[in-house]
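In what follows, a single structure is set out as structure tokens and then discussed.
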Amino acid sequence: MFENPQCENCLFKSHAAKFLNIKQIGELEQNCALADLKKGDIIFKQGIFSSNIVYIKQGIVKLFVEGPYNEQILKIAKGPSYLGIPTTLAEKYNRYSAMAIDNVSACFIDVATFKSFIQENGKFAYEVIIELCRNEINLLNKCVSRAQKNARGRIADAILFLYNEIFESKTFNIPLTRQELGNYVDTTRESVSRILTEFTTDKIIDLDGKKLTILDFEKLKLVSQRG
DNA sequence: GCATTAACCACAG
DNA sequence: CTGTGGTTAATGC
């Protein structure tokens, strides 16, 4: 009833997987399972043993940790993207959780198989490293944003991030509640609400519930820098 | 002092 | 789940 996935001709094949040879593709097909997830589905959970690397083919996910008071959103990501490489390769128990915040199509890859590709196939490994590097640079930028910008600047950054990295369109539905957006940019849901209405009255954005349109891109970038 | 910023609380859709 | 108003604390002229 469950067939092995067809990795060779996958429409969402990762950059790294393009370098796998026939034998390795065969191993991947044997050791990987597909899942279609809905908004709100947990992909993996903090504190729980995990033996899979997840590859998101399509869809949007959030990575978060359960902090002492709130859930802290570490990252919003969309497919195609690997998920959980740091926490699965370096740790026994997951250090953070991942949840689908949209419909997601994901592959769960056996970690031993994934490790063997890294050890046997330099080009595959290189592509994986590049993805990890990009993630790290993004996190560094977020550190600076968090430490040195005020709430307006951080929310402007979040809007720019959603535009640049996730939707690539000036109109999109914010995939998070105000509370989650607050947890993402280190502020409260009240401040998010207030600042978004400020941006609306300043004609920087247009807002209708979750539907956001960037009206004044230059001004938004200015707010990102100066708050 | 005075202004700004943002968290916390409460209440209403 | 959101938006808004009041209050309060911290910080910087």
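Just so it is clear: chains get the letters A, B, ... in the order the sequence lines come, proteins before strands, and each one is counted from 1.
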Atom-to-atom span, CD1 of A:Ile195 to P of B:dT4 - whole angstrom: 15 Å
Is the ring centre of A:Phe108 less than 6.0 Å from the ring centre of A:Tyr55? no
In whole angstrom, give the distance that lies between atom CD1 of A:Ile155 and atom P of C:dT2. 13 Å
Which parts of residues 219-227 of chain A get close to DNA chain C, meaning a heavy atom less than 4.0 angstrom away? none
If you apply the rule side-chain contact (heavy atoms from CB on, under 4.5 Å), what do you find for A:Leu160 with A:Leu220, and how did you get there? CA-CA 8 Å; A:Leu160 288 170; A:Leu220 190 59; 3.7 Å; yes
May I ask you to decide whether A:Asp186 forms a salt bridge with A:Arg154, counting only side-chain N to carboxylate O separations under 4.0 Å? no
Below 30° counts as parallel, above 60° as perpendicular, anything between as tilted: where do the rings of A:Phe124 and A:Tyr82 land? perpendicular
Mind listing the closest non-hydrogen atom pair of A:Glu29 and A:Pro5 along with its distance? CG-O, 3.1 Å
Provide, to the nearest angstrom, the distance between the NZ atom belonging to A:Lys39 and the P atom belonging to C:dC1. 11 Å
So, does A:Ser191 get its side chain near the phosphate of B:dA7, meaning an N or O under 4.0 Å from OP1 or OP2? yes
Listed pairs, N/O of protein and of nucleotides 8-10 of chain B, under 3.5 Å:
from: B:dC8; atom 1: N4; to: A:Arg194; atom 2: NH2; distance (Å): 3.3
from: B:dC9; atom 1: N4; to: A:Glu190; atom 2: OE2; distance (Å): 3.0

Does the plane of the ring in A:Tyr184 sit parallel, tilted or perpendicular to the ring in A:Phe161? Use 30° and 60° as the thresholds. tilted
Which whole-number value in Å describes the distance from A:Leu212 CG to C:dT2 P? 13 Å
To the nearest angstrom, the CG-P distance between A:Asn150 and C:dG12 comes to 14 Å
Can you check salt bridge (charged side-chain N to carboxylate O under 4.0 Å, His left out) on A:Glu8 and A:Lys13, steps first, answer last? CA-CA 8 Å; A:Glu8 173 65 18; A:Lys13 204 168 177 179; 3.8 Å; yes
What is the separation between atom CZ on A:Arg178 and atom P on C:dG3, rounded to the nearest whole Å? 4 Å
Taking only side-chain N and O atoms of A:Lys210, does any of them lie within less than 4.0 angstrom of OP1 or OP2 on C:dC1? no
Closer than 4.0 angstrom, basic N to acidic O: yes or no for A:Lys78 and A:Glu168? yes
Please test A:Lys62 against A:Glu71 for salt bridge (charged side-chain N to carboxylate O under 4.0 Å, His left out), starting from the C-alpha separation and ending with a verdict. CA-CA 11 Å; A:Lys62 67 170 182 182; A:Glu71 114 180 0; 2.6 Å; yes
